[in-house]
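Have a look at the structure below before the remarks.
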Amino acid sequence: MTTPKIRVRFAPSPTGPLHIGGVRTALFNYLFAKHNGGDFLLRIEDTDQTRYVPGAENYIMEALDWCGIKIDEGPREGGPHAPYRQSERKELYAGYAQQLIDSGHAYYAFDTPEELDALRTDAEVHGGTFTYNNLTRKGLKNSLTLPGSACAALLASGEPHVVRFKMPENLVVEETDLIRGHVQFNSDQLDDKVLFKSDGMPTYHLANVVDDHLMEITHVIRGEEWLPSMPLHVLLYEAFGWRATMPQFSHLPLILKPVGKGKLSKRDGDQLGFPVFPLAWKDPETGDVSRGYREDGYLPDGFINMLSLLGWNPGTEQEIFSMEQLIESFSLDRVGKSGSRFDPEKTKWFNHQYLIRHTDEELAGLFAPFLNSKGITVSQELLVRVTGLVKERCHFVHEIWDQGFFFFEAPTTYDEKIVSKRWKDGVPGMMAEIAGFFGNLENWQAPAIKEPFSLFVTEKGWNFGTIMNSLRLCLVGGSFGPDIFEICEIIGQPETISRIQKAVQNIPAVIG
RNA sequence: GGUCUGUUCAUCUAAGGGUUAGGAUUCAAGAUUUUCAUUCUUGCCAUAGGGGUUCGAAUCCCCUACAGACUACCA
């Protein structure tokens with residue numbers, strides 16, 4: 001007997017943008033599959049037509065693309081088990097529901113949503129909870145209580161009905177979770193879940209089990225919120241007679257808010273100023289726009305690296321991982337059990353690490369659009385050089401502008417703090433002299449400027465700190481940026497002199 | 001309320017009965033950079049509490065506390 005090929009699926013519901021937690025689930029599935037030479041499938045779980053959100057499915061695929069998570073089989077890619085959209089597999093599920101009814105594992109229920117709601121609110125008033133289970137099903141309207149003829153008549157008349165799972169009584173359901181180990185439940189605590197809805201669509205539970213079986217999924221890796229429904233799924237596999245090929249389950253820990261209680265939500269991002277979505281998303285209903293990591297200038301590989309370490313660790317002290325390295329090192333048994341708080345600061349740090357690891361050319365390519373949007377066109381050579389000079393001081397691509405705008409245009413304002421600190425009485429005069437000195441230089445290469453300049457300042461008996469910082473103020477408008485002589489060389493001799501003259505004219509001397 | 005799951009520095013985590021409980025982020029200090037950032041060094045900071053088991057417990061067991069998830073004809 002050969003071991004089957006590892007096959008996992010990421011099965012989101014297209015009800016909106018994917019958030020960080022979903023991306024991580026997809027990532028761990030992907031890493032697990034690829035580590036084991038298996039397949040990663042995308043299956044769209046759109047069985048709830050009322051929650052369909054246009055654009056969400058595309059968003060999911062675009063987000064995975066951006067992250068570098070490659071789909072082997074999916075609605076766009078196709079594959080041997082197509083279609084991969086549950087709404088397109090609709091016809092399939094009724095037969096399986098029927099199979100369960102025939103074998104006595106499921107039954108028809110005719111209770112209306114209104115009747116059930118009433119039962120629930122009534123139970124609540126009395127401090128309890130209504131559960132559709134072996135205790136209550138005897139008193140409700142279903143094929144277990146109705147005489148066969150009455151039931152058949154109702155079905156024939158097209159009376160709306162659902163199919164419910166007949167949860168066995170007092171049965172201990174045991175299962176091994178690859179992350180959590182042995183987990184057990186008593187079936188008495190579970191309810192008769194709806195498997196097939198009155199609108200002709202299956203619920204998640206049925207569709208998920210049927211599709212995982214049909215698609216030959218070997219491992220189900222999903223969020224912890226699914227743990228409580230694991231026993232139902234196991235029982236479903238057993239009812240279908242698929243126990244032997246049932247996938248192995250793993251439930252990933254949750255991603256929690258950076259501060260406060262509870263799991264990470266969209267609101268946290270808005271409040272704390274960081275994205276919770278990989279890509280920006282415009283809500284088609286409200287028009288609200290949520291920011292995305294991509295749009296905020298995060299690099300996908302850094303984003304993925306950060307996510308990979310949320311709940312997983314390699315057991316070594318390495319923390320910078322390319323996708324290839326992640327695939328190489330990933331294993332489910334190094335995934336933790338406890339929830340992780342999301343840390344936006346560390347995410348920034350990761351981005352910086354990836355920013356400085358990118359070549360100047362790559363970064364320049366990413367930065368070029370920012371420059372274009374400001375109507376600035378420069379040579380590729382200059383762009384690459386400037387990028388290389390300032391990248392170490394940036395956390396984000398767009399900060400290349402903040403750190404290096406003065407290479408492209410003269411400063412229009414001067415940092416007041418620095419002015420009051422540096423622009424003392426004698427300084428404008430000194431700067432004017434320096435402008436004159438620069439005008440006489442023949443060789444305008446950074447080292448060739450620095451040497452005679454140092455000599456000149458020494459001869460004058462000026463204070464180096466004052467001169468350098470003041471000169472920097474003239475050239476960039478503040479107290480930042482790379483080496484001054486590099487700046488001089490790049491912006492050129494006339495521009496250097498002109499900026500000094502402009503500063504001398506425009507910055508009023510500080511008295512005292 | 002019930003069921004299930006979890007709990008090591010502020011945060012992400014290592015240590016799968018024997019280490020001064022390690023690393024990273026943040027923060028602080030110093031060095032470097034005649035600026036800023038980077039980089040380097042140093043520092044601060046943790047086994048939720050209580051009981052066991054054991055020569056020995058972060059690690060195994062029990063209780064308590066806290067946290068979270070689930071409890072829909074949603075996924």
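Quick note on labels: first sequence line is chain A, next is B, and so on, each numbered from 1. What you see below is based on every heavy atom in this structure, not just the backbone, and it leaves out hydrogens, waters and symmetry mates.
The partner of B/U3, taking Watson-Crick or G-U wobble pairs whose two distances both stay under 3.5 Å, is B/A69. A 3.5 Å limit on both hydrogen-bonding distances identifies B/G43 as the Watson-Crick or G-U partner of B/C27.
Surrounding NZ of A/K197 are more than 12 heavy atoms belonging to other residues, nucleotides or ligands, all under 6.0 Å away. Applying the 6.0 Å contact sphere to CD of A/E451 captures no more than 12 heavy atoms from other residues, nucleotides or ligands.
Distance from the side chain of A/S340 is smallest to B/C12 among B/C12, B/A15, B/C73. For A/D343, the side-chain atoms get nearest to B/U25 when compared with the rest of B/G22, B/U25, B/A24.
Residues passing the ring-ring contact (aromatic ring centres under 6.0 Å, His included) test with A/Y237, sequence neighbours excluded: none.
Between A/R51 and the phosphate of B/A75, there is no side-chain N or O to OP1/OP2 separation shorter than 4.0 Å. The phosphate of B/A15 (OP1 or OP2) has a side-chain N or O of A/R334 nearer than 4.0 angstrom. For the OP1/OP2 pair of B/A72 and a distance below 4.0 Å, the side-chain nitrogens and oxygens of A/K197 include no atom meeting the criterion.
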When the side chains of residues 398-410 of chain A are checked against the rest of the protein, which donor-acceptor pairs come out under 3.5 Å, sequence neighbours left out?
residue: A/E399; atom: OE1; partner: A/H395; partner atom: N; Å: 2.5
residue: A/E399; atom: OE1; partner: A/F396; partner atom: N; Å: 3.3

Produce the list of close N/O pairs, under 3.5 Å, pairing protein atoms with atoms of nucleotides 68-70 of chain B; give distances to one decimal.
residue: B/G68; atom: OP1; partner: A/G262; partner atom: N; Å: 3.4

With the criterion being N/O to N/O and under 3.5 Å, what pairs connect the protein with nucleotides 39-45 of chain B, and how long is each?
none

Dump the pairs, protein N or O against N or O of nucleotides 29-33 of chain B, anything under 3.5 Å, distances to one decimal.
none

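Judged by a 6.0 Å distance limit and a 45° cone about the ring axis, A/R164 is not positioned over the six-membered ring of A/Y108.
Residues A/F370 and A/V397 have side chains in contact (heavy-atom distance under 4.5 Å, counting atoms from C-beta outward).
In this structure, the side chain of A/D111 does not engage the main chain of A/L116 through any donor-acceptor pair within 3.5 Å. For the pair A/R472 (side chain) and A/F480 (backbone), a donor-acceptor distance under 3.5 Å is present.
Taking every heavy atom of residues 180-196 of chain A and every atom of RNA chain B, pairs under 4.0 Å involve A/R180, A/V183, A/Q184, A/F185, A/Q189, A/V194, by number.
When the P atom is used for both B/C66 and B/A48, the distance is 16 Å, rounded to whole Å. On the C1' atoms, B/U41 is 45 Å away from B/U53, given to the nearest whole Å.
Backbone-only engagement by A/T47 is indicated by non-hydrogen atom pairs under 4.0 Å involving sugar-phosphate atoms exclusively.
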